[in-house]
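Notes follow the structure.
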Amino acid sequence: MVTRRLPAARALVATLMLSCWGWPDTGQAAADDVAELRAELEALKADYAARVRALEARIGELESNVAARTAPPAAAPAAPYAPPPARSSNPTAFNPAVSVILMGNYASLTQDPATYRIAGFIPPPTGEGPGNRSFNLDESELTLTSNVDPYFFANLTAAIQGDNSIDIEEAYFKTLALGHGLTLKGGRFFSGTGYLNEIHSHNWDFVDQPLVYQAFFGGAQLGQDGAQLRWLAPGEYFLEFGAEAGSGRSFPGTQRNANSLASDALFAHLGGDIGDSTSWRTGVSWLDARSTGRAYEDVDQLGTPVTNAFSGTSHTWIVDGTLKWAPHGDPTYHQFKLQGEWMHRTEDGQLAFDVTGRNLVGGYHSTQSGWYMQAVYEFIQRWRAGVRYDSMSSGSPGIGLVGSGVLPLTAFPTLASASPERTTLMVDWSLSEFSRFRAQYALDDARASERDRQFLLQYILAIGAHGAHKF
């Protein structure tokens, strides 16, 4: 509006001036008219200048309002403390996720599974060998998981065995907001030592565990009733450290009538990526377990059944490594996994012979080791093939009763030096991530006597919530 009126005013002024110039000089009257016109012109200029200033002020006010609307809100002053979260009014907000795993198998074995024993090693109470012949209902898992609140996560896993017994595999809580990369776990849980130990059986790549796990941990995962603290370091690589303390309820420890801890563990894991197709993880772990009266069945030099028992300490070192490959990280059609672990165990203490009879006691020391290596390849979508090799060395134990001449070495046939080994082939087919069917064949030379040729068929079906698998 300002730009339109200013030219009109200039035209008016110019017309008046020309008119004045064309008129004859009339003296004092003409001079007065000129002065009056100049006054009017100055007033007109002042009026438009005031209007321009008013418009500029209005524009500035509008710009300020727009800036105020788009500016981020000012930070509120920090509260003196964080109030606890309000209880949810939704009664199903924290309902647990429920999952069920169904497993079963068929086994054809050339040797009697009731006599299976890994030669040269003090046997665990249970867990050695391929299981029973013919059709078997393997363990079925029932798992409930949920966030308790913003601070804790809880997990319960019950294993329903084929003999209708129920074992609580895991029942633990885990912190969610401890901060600084720290996570605290308490209750019953699988130990973080090694690689395979934390993986539930339905996620194994073979029907059974490696021989070294059967001999050193009793054919089941090493479990802890206690507490675990992990620290995940910030950085480009995966780096974590962990420590555990427990009651020692799992083999090679024993539950003791004592307030002291009977199982301690330390572990460290390091991992990373190589390009966009390959990832890796390696680790080292240390386990200290104490046992009292860890009994096992044997026969003496005359073939008479006896019960012997070990009391002392077991120190186990574990080194593990895993390599995974999938084209550009996509395992849909092809993937490869190479996995291996090496364990070294020393045991020191007392070995009691025939605890229900003569009950002779002497010193005992052993240094034993074992390892396995396995490779699994998905050659077409949903089909995988794998091979595994196990090897162990029992060494020559130092038995005080033998060294002192009280008993001959033949009185401890189970502990005679041996080098068990096994070769296993498998192929499996997964119609989806919730169903898998597997065939496995093994040449098992773990016994002190004849080779056991084992053929197994297995099914694994998952129902309900299905969480992400461990690396």
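In what follows, residues are counted from 1 in the order of the sequence shown.
Using bins of under 30°, 30° to 60° and over 60° for the plane-to-plane angle, the ring pair Phe241/Trp231 lands in the parallel bin. Tyr237 and Trp280 have tilted rings, their planes meeting at an angle from 30° to 60° on a 0 to 90° scale. By the 30° and 60° cut-offs, the orientation of the rings of Tyr172 relative to Phe153 is tilted. Ring geometry, Trp342 versus His344: the interplanar angle falls under 30°, so the pair is classed parallel (tilted spans 30 to 60°).
Annotation: Phe434, atom CZ; neighbour count of heavy atoms from other residues, nucleotides and ligands within 6.0 Å is above 12. Counted within 6.0 Å of CD on Glu450, heavy atoms from surrounding residues, nucleotides or ligands total 12 or fewer; the atom is thus considered open.
Not one N or O on the side chain of Asp138 forms a donor-acceptor pair closer than 3.5 Å with the backbone of Asn105. At least one donor-acceptor pair under 3.5 Å links the side chain of His334 to the backbone N or O of Glu378. No side-chain donor-acceptor contact under 3.5 Å links Ser285 to the backbone of Thr193. In this structure, the side chain of Asn136 engages the main chain of Ser134 through a donor-acceptor pair within 3.5 Å.
Between Asp205 and Arg438, no side-chain nitrogen of the basic residue sits less than 4.0 Å from a carboxylate oxygen of the acidic one, so the salt-bridge criterion is not met. Here Glu347 pairs with Arg294 in a salt bridge; the nearest charged N to carboxylate O distance falls below 4.0 Å.
When ring centroids are compared, Phe353 and Phe412 come within the 6.0 Å threshold.
For the residue pair Asp163 and Gln161, no side-chain donor N or O sits within less than 3.5 Å of a side-chain acceptor on the partner.
Residues Phe267 and Leu287 are not in side-chain contact: their nearest non-hydrogen atoms beyond the backbone lie 4.5 Å or more apart. In this structure the side chain of Asp320 reaches within 4.5 angstrom of the side chain of Arg281, judged on heavy atoms.
Under the side-chain contact (heavy atoms from CB on, under 4.5 Å) test applied with Gln368, the options Ser314, Ser394, Ser393 reduce to a single match, Ser394.
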Criterion side-chain hydrogen bond (donor to acceptor under 3.5 Å, both in side chains) on Glu421 and Tyr389, from CA distance to verdict = CA-CA 8 Å; Glu421 60 181 10; Tyr389 178 73; 2.7 Å; yes
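Minimum interatomic distance between Gln224 and Ala265 (heavy atoms only, all atoms of both residues): NE2-CB, 4.3 Å.
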